[in-house]
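First comes the structure, then the notes that go with it.
Keep in mind that what you see is a predicted model, and the values were worked out from it rather than measured. Note on naming: letters A, B, ... go to the chains in the order of the sequence lines (proteins, then strands), and numbering restarts at 1 for each one. What's counted below: heavy atoms across the whole structure, side chains too, no hydrogens, waters or symmetry copies.
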Amino acid sequence: MASSTKLLTKIPHSFHSLYPTKITLFDFATVQSFNFLKNFSSNADSNIFHNFNFDSFFANLIDNSPQKNNLAQVHAKFFLLGIQQRGFLITKLINAAVNLGEIGYARKVFDEFSDPDVFVWNAIIRGYSKYNLFAGAIEMYSRMQVLWVSPDGYTLPHVLKACGGLPSLKMGQQVHGQIFRLGFEKDVFVQNGVVAFYAKCGKIASAKVVFERLEIRNVVSWTSMISGYAQNGKPIEALRIFGEMREMGVIPDWIALVSVIRAHTDVEDLEHGKSIHSFVIKTGLELESDLLIALTAMYAKCGQVMVARSLFNQMKVPNLILWNAMISGYAKNGYADEAVKLFRDMISRNFRTDSITARSAVLACAQVGSFELARWMDNYISKSEHRDDIFVNSALIDMYAKCGNVDMARIVFDRTLDKDVVVWSAMIVGYGLHGRGREALDLYQLMNQAGVRPNDVTFLGLLTACNHSGLVEDGWQLFHCMKDYGIEPCHQHYACVVDLLGRSGYLDQAYDFILKMPIEPGVSVWGALLSACKIHRHVTLGEYAAERLFSLESYNTGHYVQLSNLYASARMWDRVAKVRVLMREKGLSKDLGYSLIEINGKLEAFRVGDKSHPRSKEIYEELESLERRLKQAGFVPDTYSSLHDLNDEEMVETLCNHSERLAIAFGLISTAQGTTLRITKNLRACINCHSATKLISKLVNREIIVRDANRFHHFKDGVCSCGDYW
DNA sequence: CTAGGGTTAG
């Protein structure tokens, strides 16, 4: 009997020395051990186990269990042997289950244990906290206290993490009070937890008080403060604390550096960010993959997408967050095509995507502006696990609106359950962009009925909608509704109102309104006034607005062009010429106009007078025929404002080869009768092309949708949705 | 069995 006991305890050791890897140990030794265990039951001769050390035997087995099944087998044996109440083994079992990610199983083991001590409680609380199941962690913590089990120095950090993760300021403050009563002032683990908790709740001042009272501050204490400032929009302060930490001679580890890199990212200080990068290389920390992710995100967000991409490529197995950082980096910096390409790459390689990936990819599609791509994205999302995510759906609504199809946006809107203010606002903004003011207002009614409180973006969408549909009265009333909801109007709201008043010719009232603004009027406000002056040919007020604009942004070409357009509309050619001279003196070059048209999901670009297209000859033939038909229909080019316009497009003498006309001609010859043409251009629509496009839509019996720098124009049957005001 | 980090719509 004694020899068999000995043999059993010896198996793991002998195997261990022969096969040092843990997996091997499990495969051989435990299979044998399990076979042995299978052959006895609780009524077996208990003498066999007289001197047997269960703790070390099962501990070994648990440590080497690769799966939940193995743990379950071990657990079953506890009951057979009557040792199911050994806290040490249960703690080990729960921790092992947690490390395997089997939190549900860990909880099951916990629930079958009748009288947990602090170690067992710690194990289960750690489990919930580790997987960000904060409510679970807190629930277990309160149950622990009901049973009068006192927390120790290991319990509290997990609980604090949970309080900060929710975040629940109240709960954390209670825990902080307990910590004080229990006397953990000197426990650096607990105190660091308190610092991080306050920082996560945005109570950075409280975090600082606790931090400064710490007698011993380690790198974790410092990092908690640095990331606290970084996460609360105070990156400069974060960097200052980092400086202090360095002065104290504390060596940053890789997590500290991640926080510092994030702070540099937020201030877009690539110079210092790069020096951190070299520090990382010098200290040999560049093997730390999460540090590389932070660096990738930094370069991507600061616009250095090429550098970011090379770091991305260095990673053998990119993880989800790295993919996200790269995709959102591309999307943010206008590399929408690259973002989409990378997203497609990711799904074709069967990587898991999360809600952030989906949002970034949808955002990129919105920028590309291709309706076909938008449809593909929608199709992908609606079949994925993200289909009910309201963040993703609000991005989809925005995407469809920006890709020219507000009705598809509405379909996404209607299928979105539990709509929040962002979803409602996205739809309202979409209607606004397309000049469908009535529908925007109707939706606002429904939103009120649904009990959703509007915010600043909702009102911006509503005001834009009223503006683009000429609903002056409604807009004016809505603007005054804002204060009922305690929403402070910002520059863009004021600009909308100026636009609104200006549209109906109330220019003096618009000026008066500007003078009464509680905040300093900015570029958007004066720009709106100048536009209105151009429409109504009010030269003196327009000149004043232009003067304000030049003082705010003396190098923005657009303002000079607008002023020149104002003069042209009033036929003041000498002043048009003066603006041109002024621009030359400032060394301003004119923005190049271009248009994109989507044909079978592919985008084709045209510049003014472009002859580079392979089908150029056919395009110009179509253009000439269109021109003839326009003339026959009695179309007279509005030469006075166009010929003297300073836009590059507008400078060209023949008006019929503006980029959008080339795009239209190409669209007509490459699509079937009746197909809708979708065009995107980088500048505002010129008056001539706008009138011409209206007529063309009637002559060729096609719907033509043009997205200009400001809004959408839907041309159909000779009229445009903008009502000729843009 | 402890703590700190990175990606985020309108």
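If you take CG of A/Leu100 and C1' of B/dC1, they are 15 Å apart, rounded to a whole angstrom. Regarding A/Leu214, its CG atom lies at a distance of 17 Å from the P atom of B/dA3, rounded to whole Å. Distance A/Asn95 CG to B/dC1 P: 7 Å, rounded to the nearest Å.
Contact check on A/Lys92 versus A/Asp63 returns a salt bridge, with a Lys/Arg side-chain nitrogen under 4.0 Å from an Asp/Glu carboxylate oxygen. Ion pairing between A/Asp345 and A/Lys341 fails under the 4.0 Å rule for side-chain N and carboxylate O.
Across all strands shown, A/Gly193 has no heavy atoms under 4.0 Å from either base or sugar-phosphate atoms. At a threshold of 4.0 angstrom between heavy atoms, the contacts of A/Asp152 with the nucleic acid are absent.
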Tell me, for nucleotides 4-10 of chain B in 5' to 3' order, what letter each nucleotide earns: B for a base near a protein heavy atom under 4.0 Å, S for only sugar-phosphate near one, - for neither? BBBBBBB

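With no hydrogens or angles considered, a side-chain donor-acceptor pair links A/Tyr299 and A/His277 at under 3.5 Å.
In this structure, the salt bridge (Lys or Arg N to Asp or Glu O under 4.0 Å) partners of A/Arg436, at least two apart in sequence or on a different chain, are A/Asp407, A/Glu439. With sequence neighbours excluded, no residue forms a salt bridge (Lys or Arg N to Asp or Glu O under 4.0 Å) with A/Glu268.
Stacking of A/Lys161 on the aromatic ring of A/Phe197 is not recorded, the 6.0 Å distance cut-off and the 45° axial limit not both being met.
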